[in-house]
Amino acid sequence: MHDVPEGHTIHKIAKDHGKLLTGHEIRVSSPQGRFSGDAERVDGAVLERIEPHGKHLFYHWSTGDIGHVHLGLFGKYKVFRGEERPEPRGAVRMRLVGELATIDLAGPTACSIDDPSERKKILARLGPDPIKPRQRRQKMFDKIQKYKRGIGDLIMDQSVVAGVGNVYRAEALFVCGIHPLRPGVDCDEAELDALWVTITGMLRQGVKDGRIITVSRSELDLPKGARIRRGEATYTYKRDHCLRCGTEIELIDIANRTSYHCPTCQPR
DNA sequence: ATACCATGAACAG
DNA sequence: TGTTCCTGGTATC
């Protein structure tokens with residue numbers, strides 16, 4: 001099994017890597033040689049901040065340049081602490097070497113050094129990120145209520161709300177009892193407010209856990225302190241039967257991605 | 001050894 | 001709407 005990142009992963013990375021790198025001069029290189037922009041532009045600069053938004057990361061450098069990383073389906077970081085600095089393994093797109101750690105990035109969809117206007121452009125096309133404080137949930141509501149497209153399609157659209165992927169889509173709609181094909185225009189404020197609150201809670205919990213657990217322990221019948229295993233951490237996602245009522249989970253293809261829902265708990 | 005699949009998203013037409 | 005790109009674990013021959 002394989003963890004492809006949703007918003008929670010990105011925020012955790014920003015936090016963890018930020019502790020190791022920010023405030024330090026960083027050697028920046030591209031062992032693979034495919035760093036679009038130019039690693040040299042920021043090589044040796046001080047990393048001032050790693051800013052997450054949805055599934056995107058922005059690296060603020062003391063030169064004024066801004067690094068942009070999007071992991072996509074396959075992107076992965078490897079962290080080596082302290083002095084350990086192994087030969088790059090595989091296609092390392094970006095290597096960051098600081099006093100406290102060496103961090104390698106492989107397989108990202110995007111990795112570039114740009115000027116600040118590029119960050120502005122990207123942020124302008126992203127919806128609010130519920131993990132962050134003071135985000136305007138109304139932006140998400142307005143957008144959803146504008147479209148006939150299904151809510152399951154809409155909440156995975158990063159311009160509607162930033163950070164939700166296929167797992168959180170399935171799980172948030174389940175908890176709110178909303179069918180994924182429910183047209184956006186038919187959703188009322190109360191429903192959308194509940195959805196926002198649910199998504200926010202789930203994503204923030206994911207940052208803490210470092211993984212996606214959307215079930216509440218009380219519904220699992222687990223011994224106290226037992227670890228929630230993969231495969232039992234969700235209500236509908238990748239399950240054969242609904243965790244809550246046992247009904248067979250239905251699969252629908254929404255924009256070429258499998259959507260999971262319980263026809264009993266999420267009636268049309 | 002090869003095929004296939006995955007939790008993403010840009011792009012062509 | 002379909003195609004493409006990036007990786008790596010697992011299934012299949």
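By convention in this document, chain letters (A, B, ...) are assigned in the order of the sequence lines, proteins followed by strands, and residues within each chain are numbered from 1. What you see is a predicted model; the values in this text were computed from it and never measured.
- Within a 6.0 Å radius of CD in Glu248(A), other residues, nucleotides and ligands contribute 12 heavy atoms or fewer.
- One can place CZ of Arg169(A) at 13 Å from P of dA6(B), the figure rounded to the nearest angstrom.
- Under the 30°/60° scheme for interplanar angles, the aromatic rings of Tyr260(A) and Tyr237(A) are found to stand perpendicular.
- Within a 6.0 Å radius of NZ in Lys78(A), no more than 12 heavy atoms belonging to other residues, nucleotides or ligands are found.
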Identify the pairs formed between an N or O of the protein and an N or O of nucleotides 8-13 of chain B at a distance under 3.5 Å, and give each distance.
unit_1, atom_1, unit_2, atom_2, d
dG8(B), OP1, Lys55(A), NZ, 2.8
dG8(B), OP2, Arg257(A), NE, 3.4
dG8(B), N7, Arg257(A), NH1, 3.2
dG8(B), N7, Arg257(A), NH2, 2.7
dA9(B), OP1, His70(A), NE2, 3.0
dA9(B), OP2, Lys55(A), NZ, 3.1
dA10(B), OP1, Arg125(A), NH1, 3.3

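- Distance Asp104(A) CG to dG8(C) P: 12 Å, rounded to the nearest Å.
- Following rounding to the nearest Å, Leu251(A) (CG) and dA6(B) (C1') show an atom-to-atom distance of 15 Å.
- To the nearest angstrom, P of dG8(C) lies 13 Å from CG of Leu71(A).
- Between Phe58(A) and His68(A), the ring planes are parallel. Angles under 30° get that label, and only those over 60° would be called perpendicular.
- Taking the P atom of each, dG13(B) and dC5(C) are spaced 14 Å apart, rounded to whole Å.
- When the C1' atom is compared between dA9(B) and dG9(C), the two are found 22 Å apart, to the nearest whole Å.
- By the neighbour-count criterion of 12 heavy atoms within 6.0 Å, atom CD of Glu40(A) is sparsely surrounded, having that number or fewer from other residues, nucleotides or ligands.
- Tracing side-chain contacts under 4.5 Å through hydrophobic residues (I, L, V, M, F, W, Y), one reaches Met94(A) starting from Leu100(A); they form part of the same cluster.
- Separating the NZ atom of Lys76(A) from the P atom of dA6(B) is a distance of 15 Å, rounded to the nearest angstrom.
- Computed from coordinates, the Gln32(A) CD to dT7(C) P distance equals 7 Å when rounded to whole Å.
- Remark: C1' of dT7(C) and CG of Leu105(A) are 12 Å apart, rounded to the nearest angstrom.
- Atom CE in Met202(A) sits about 14 Å away from atom C1' in dT7(B), given to the nearest Å.
- No side-chain donor-acceptor contact under 3.5 Å links His261(A) to the backbone of Gly177(A).
- Using a 4.0 Å heavy-atom criterion, one finds that Ala91(A) contacts the sugar-phosphate atoms exclusively.
- Taking side-chain N and O atoms only, Tyr168(A) has no distance below 4.0 Å to OP1 or OP2 of dT7(B).
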